[in-house]
Trainee: 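Provided herewith is a single structure, encoded as structure tokens, for subsequent inquiry.
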Amino acid sequence: MVTSAEIIAFAGTKFSAARTLPPIAPLNAAQAAYLEALRTSAQVVVVGPAGTGKTWIAATYAADLYRTRRVSRIVLTRPNVPCGRSLGFFPGSLEEKFAPWAAPLVDAIKERIGKAAFDIALKNGDIEMVPFEVMRGRSWKDAFVLLDEAQNTTPAEMKMFLTRVGEGCITVVDGDIGQCDLDAGSGLRAVIALIRARGLPVPVIEFGRGDIVRSGQCAMWVEAFEDAAL
């Protein structure tokens, strides 16, 4: 049963949300800079180790924009360079195979708009989970577009992605260069180099070990592996 707290009215592909939620509160200076960049820039690049909140903040901010109708769609994507078995081993459609990788993003969005509203938005195409491999030829406008795990794109793939973005979009590219699974160069590293070399108006937010908020254990292992250079 859909409660009025989650959805007041539904017509076509739109809904009005009455959820009363606190604003996203930064837990450190880097997160505060990230949120400010999201509020003031059409494109943001975010890098740093696991557990810093870079993906959670992007997904939560996207959900708030969608919930308050400041964007009409949310597009989530990430490259298929899994740690372990490839997508081909999982049953189902391409979207169903992609779903396990999108789970952290989905959970964050559901927290902000409610499960019922999320299911309706997904069914009507207002929220899209797009495997990166089928991104070519697509374009969006009036959307929040999030490329997660961007360290696993090549420079050519990054060019393809960034040239898909149309008018009225907010784009976030996030990743951890230290966890690149590619033998070739990282598209995330390449785009940061271009931003800095050309002085492009795209904020690059950098998180460090001291910004890890997930848990003490997470911070411990990030530090151990980075120090060991494994």
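Below, each value reflects all heavy atoms present in this structure, side chains not excepted, and no hydrogens, waters or symmetry copies.
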Trainee: For R67, is there an ion pair with D64 - N to carboxylate O distance below 4.0 angstrom?
Mentor: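 Counted as a salt bridge, because a side-chain N and a carboxylate O are separated by less than 4.0 Å.
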
Trainee: Determine the minimum heavy-atom distance between Y66 and I74, stating which atoms define it.
Mentor: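 Heavy-atom minimum between the residues: CB-CD1, 3.7 Å.
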
Trainee: For D148 and R78, work out which heavy atoms get closest and say how close.
Mentor: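 Looks like O-CB, 3.3 Å.
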
Trainee: Please report the closest heavy-atom contact between A150 and S186, naming both atoms and the distance.
Mentor: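 Heavy atoms only, the tightest pair is O-OG, 4.4 Å.
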
Trainee: Is a salt bridge present between D119 and K115, judged by a nitrogen-to-oxygen distance below 4.0 Å?
Mentor: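 Judged by the 4.0 Å cut-off on N to carboxylate O distance, D119 and K115 do form a salt bridge.
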
Trainee: Do side-chain atoms of K54 reach the backbone of P49 as a donor and acceptor pair under 3.5 angstrom?
Mentor: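 Confirmed, K54 side chain pairs with P49 backbone.
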
Trainee: In Å, rounded to the nearest 0.5 Å, how long is the span from CD1 of I212 to CG of L27?
Mentor: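 One gets 13.0 Å once the value is rounded to the nearest 0.5 Å.
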
Trainee: Would you find more than 12 non-hydrogen atoms of other residues, nucleotides or ligands less than 6.0 Å from R164 atom CZ?
Mentor: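 Correct, the count exceeds 12.
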
Trainee: Work out which heavy atom in I57 is nearest to a heavy atom in I24; give both atom names and the distance.
Mentor: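 What the structure gives for the nearest pair is O-CD1, 4.4 Å.
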
Trainee: Answer yes if I192 and L194 sit in the same cluster of Ile, Leu, Val, Met, Phe, Trp and Tyr residues linked by side chain heavy atoms under 4.5 Å apart, and no otherwise.
Mentor: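 Per the 4.5 Å side-chain linkage, I192 and L194 are not co-clustered.
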
Trainee: Which pair of non-hydrogen atoms, one from T163 and one from K159, has the smallest distance, and what is that distance?
Mentor: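 Looking at all heavy atoms of both residues, the shortest contact is OG1-O, 2.9 Å.
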
Trainee: Just wondering, do F132 and M160 contact through their side chains at under 4.5 Å, heavy atoms?
Mentor: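 Yes, side chains in contact.
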
Trainee: Would T77 and F161 satisfy side-chain contact (heavy atoms from CB on, under 4.5 Å), going step by step from the backbone distance to the final call?
Mentor: CA-CA 10 Å; T77 188; F161 170 77; 4.1 Å; yes

Trainee: Between S72 (side chain only) and D142 (backbone N and O only), is there a donor and an acceptor less than 3.5 Å apart?
Mentor: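 Indeed, once roles are kept as given, a pair shorter than 3.5 Å links the two residues.
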
Trainee: What closest approach, in Å, do P79 and T153 show between heavy atoms, and which atom pair accounts for it?
Mentor: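 Closest approach of P79 to T153, heavy atoms only: CG-CG2, 4.0 Å.
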
Trainee: Could you tell me if the side chain of T60 sits less than 4.5 Å from the side chain of E111, heavy atoms only?
Mentor: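 Not touching, per the 4.5 Å side-chain cut-off.
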
Trainee: CG/D174 to CD/E149 distance, rounded to the nearest 0.5 angstrom?
Mentor: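 That separation rounds to 7.0 Å.
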
Trainee: State which residue, out of V106, I113, L105, V75, fulfils the side chain to side chain contact (heavy atoms under 4.5 Å, CB included) condition with I127.
Mentor: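 Answer after filtering V106, I113, L105, V75: I113.
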
Trainee: Is there a path of hydrophobic side-chain contacts, each under 4.5 Å between heavy atoms, that joins V173 and V165?
Mentor: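 As far as the 4.5 Å side-chain criterion goes, V165 and V173 are not connected within one cluster.
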
Trainee: What distance do I195 atom CD1 and Q43 atom CD have between them, rounded to the nearest 0.5 Å?
Mentor: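 It is 8.0 Å, given to the nearest 0.5 Å.
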
Trainee: Can you tell me if D211 and T52 form a side-chain donor-acceptor pair at under 3.5 Å?
Mentor: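 No, no side-chain donor-acceptor pair sits under 3.5 Å.
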
Trainee: Does D126 offer a backbone N or O that forms a donor-acceptor pair with the side chain of N124 under 3.5 Å?
Mentor: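 Not at all, since once roles are kept as given, no pair shorter than 3.5 Å links the two residues.
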
Trainee: Tell me, do V45 and L188 make a side-chain contact under 4.5 Å, heavy atoms counted?
Mentor: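 In contact.
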
Trainee: Below 30° counts as parallel, above 60° as perpendicular, anything between as tilted: where do the rings of Y34 and F207 land?
Mentor: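 Judged by the thresholds at 30° and 60°, the geometry between Y34 and F207 is perpendicular.
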
Trainee: Give, for atom OH of Y61 and atom CZ of R39, the distance between the pair rounded to the nearest 0.5 Å.
Mentor: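 Rounded to the nearest 0.5 Å, the OH-CZ separation comes out at 6.5 Å.
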
Trainee: For residues 191-207, pull every pair meeting side chain to side chain donor-acceptor pair (under 3.5 Å), keeping only residues two or more places apart or in separate chains.
Mentor: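 Sorted result for residues 191-207: R196-E206.
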
